[in-house]
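One structure below.
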Amino acid sequence: MKHLLSLEDLPRTGIESLLGRADGWRKTALSGQQPRQPLTGRTVVNLFFEPSTRTRSSFELAAKRLGATVLNFDMASSSARKGETLADTLYTLEAMGGEIFVVRHAVDGVVAGLAEVCADGTRLINAGDGRSAHPTQGLLDMLTIRQRKGRDFSGLSVAIIGDVRHSRVARSDLHALRALDTGEIRVAAPPALLPDASELSGCLVCEDADSAVRGADVVMTLRLQRERMEDGLVASLEAYFRDWGITPERLALARPDAIVMHPGPMNRGVEISDAVADGPQSVIRDQVSNGVAVRMAVLEALVAAA
Ligand code: CP
């Protein structure tokens, strides 16, 4: 694995290997005391052109836990504001010793484009590009399901509800769930927020949220990506919450031991109620914690493969 651009590039064994590595880091990921620091002497650059709390912070923590020097590129005060191209920004930071670049960008395919022009020794991690992919979120979501439901996904029913059309998280989750042979993958969204049918192969498309949630083991809800959608796709947030929001009443249709996931940031009262987000079935904070371990695993694997 030279770069991590998309989970589409990884077979099941590759995904399971990264999840195994992340499991190994999980116990110590949140503590400052690391038994090993395989990134000592390496420089990781966080190159974020879109806002982030979870992904940027957890990559910084993960890299520091592993002994790396971390450079957080500040887009607002950078020469990108003066018209410097993305490739020139990369070359500039490579020239300062940057080796592993964690890149988030609003445009689909940007990180794959950088992989074509970067130096041989550079490693790239896609931290979310447009609607396309968010592979480390996909991995941390799979790790979270595995912790609660076991390694065998073949008996699981996973419901993904909400703005699937604009969600890079949903695309990465769908690839991972298919690769792990998940028993049933249900997708439910207002028609305007469903992706093309070609992206939903192997999924059961449900007409409403209740049928998606009924009997599910995992209920995954998604943020309305208002920054990526044309005006008017969602007429009213109140109606959206009524029809598609995860409330205690709707969640009661799922299996009693169902877990609720959300990649964050949440729009409370739009796609999820406070009572569910903060309730006993929510694993949303576990997802965040697992993000550090998964990102440690990915950074370590990229360095090991160099
Ligand atoms: N899930 C996720 O990507 O969150 P951030 O935008 O805060 O990184």
Side-chain angles (χ1 to χ4, degrees), residues 4-7 18-19 22 29-30 44-65 70-76 100-111 124-145 147 158 160-177 193 218-229 246 259-268 270-272 276-278 282-299:
L4 180 62
L5 304 178
S6 162
L7 293 183
L18 285 171
L19 295 179
L30 303 180
V44 174
V45 182
N46 271 328
L47 201 53
F48 278 59
F49 291 87
E50 277 196 327
S52 168
T53 295
R54 280 147 283 271
T55 312
R56 202 205 59 76
S57 306
S58 59
F59 264 114
E60 180 173 355
L61 279 175
K64 286 180 172 168
R65 299 278 190 253
V70 180
L71 177 64
N72 287 311
F73 169 82
D74 179 11
M75 208 266 287
I100 303 172
F101 289 79
V102 181
V103 186
R104 171 170 288 191
H105 203 284
V107 176
D108 296 294
V110 154
V111 194
L124 293 164
I125 301 172
N126 183 355
D129 63 325
R131 307 173 180 193
S132 297
H134 192 349
T136 55
Q137 180 75 41
L139 290 169
L140 73 89
D141 286 346
M142 298 309 112
L143 185 64
T144 306
I145 296 174
Q147 281 161 5
V158 178
I160 302 180
I161 299 164
D163 183 6
V164 183
R165 183 178 191 83
H166 302 98
S167 176
R168 53 197 177 205
V169 173
R171 285 180 176 80
S172 288
D173 280 340
L174 285 170
H175 285 303
L177 288 167
L193 300 184
V218 177
V219 177
M220 201 183 276
T221 179
L222 301 168
R223 182 171 71 86
L224 266 186
Q225 308 258 312
R226 279 177 281 181
E227 72 275 28
R228 285 182 233 292
M229 65 173 72
I246 305 302
I259 57 171
V260 177
M261 304 175 71
H262 190 302
M266 290 183 275
N267 295 307
R268 289 168 179 261
V270 177
E271 63 255 355
I272 191 165
V276 173
D278 304 322
S282 170
V283 295
I284 294 168
R285 287 177 205 159
D286 294 355
Q287 290 173 265
V288 175
S289 300
N290 284 333
V292 181
V294 157
R295 286 158 183 143
M296 289 172 82
V298 168
L299 288 166

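For ligands, and for the atoms within them, numbers begin at 1 and follow the listed sequence.
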Nearest-0.5 Å distance that lies between atom CD1 in Ile145 and atom CE in Met261: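 Between Ile145 CD1 and Met261 CE, I get 4.5 Å after rounding to 0.5 Å.
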Reported CG-to-OG1 distance for the pair Asp163 and Thr221, which is rounded to 0.5 angstrom: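 So the gap between those two atoms works out to 10.0 Å.
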Which of the ligand 1 atoms, numbered from 1, are nearer than 4.0 Å to a heavy atom of Gln137: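 Those qualifying, in numeric order: 1 (N), 2 (C).
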Element-labelled atoms of ligand 1 that are located less than 4.0 Å from some non-hydrogen atom of Thr53: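 Going through ligand 1 atom by atom, the ones under 4.0 Å from Thr53 are 5 (P), 7 (O), 8 (O).
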Close side-chain approach of Leu140 to Arg295, heavy-atom, < 4.5 Å: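 Yes, their side chains come closer than 4.5 Å.
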Protein residue, atom and distance nearest to atom 4 (O) of ligand 1, heavy-atom basis: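 For this ligand atom, the closest protein heavy atom is Arg54 NE, 3.0 Å.
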Protein heavy atom at shortest distance from atom 6 (O) of ligand 1: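 Heavy-atom neighbour on the protein nearest atom 6 (O) of ligand 1: Arg104 NH1, 2.9 Å.
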Residue-ligand contact His134/ligand 1, heavy atom below 4.0 Å: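 Yes, His134 has a heavy atom closer than 4.0 Å to ligand 1.
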Residue-ligand contact Gly264/ligand 1, heavy atom below 4.0 Å: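 Yes; Gly264 lies near enough to ligand 1 that a heavy-atom distance drops under 4.0 Å.
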Sub-3.5 Å N/O-N/O distance, Pro263 and ligand 1: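 It does: an N or O of Pro263 is found under 3.5 Å from an N or O of ligand 1.
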Polar side chain donor-acceptor pair, Thr144 to Asp286, under 3.5 angstrom: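 Distance-only check fails for Thr144 and Asp286.
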CA sep, side-chain torsions, deciding dist, call: Phe49, Val110, side-chain contact (heavy atoms from CB on, under 4.5 Å): CA-CA 11 Å; Phe49 291 87; Val110 154; over 6 Å; no
Nearest option to atom 5 (P) of ligand 1, as decided by whichever heavy atom of Ser52, Ala127, Gly291, Pro51 sits closest: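 Checking each option, the heavy atom nearest atom 5 (P) of ligand 1 is found in Ser52.
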Minimum-distance pair of heavy atoms, taken over all atoms of Arg223 and Asn267: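 In this case the closest contact between Arg223 and Asn267 is CG-ND2, 3.3 Å.
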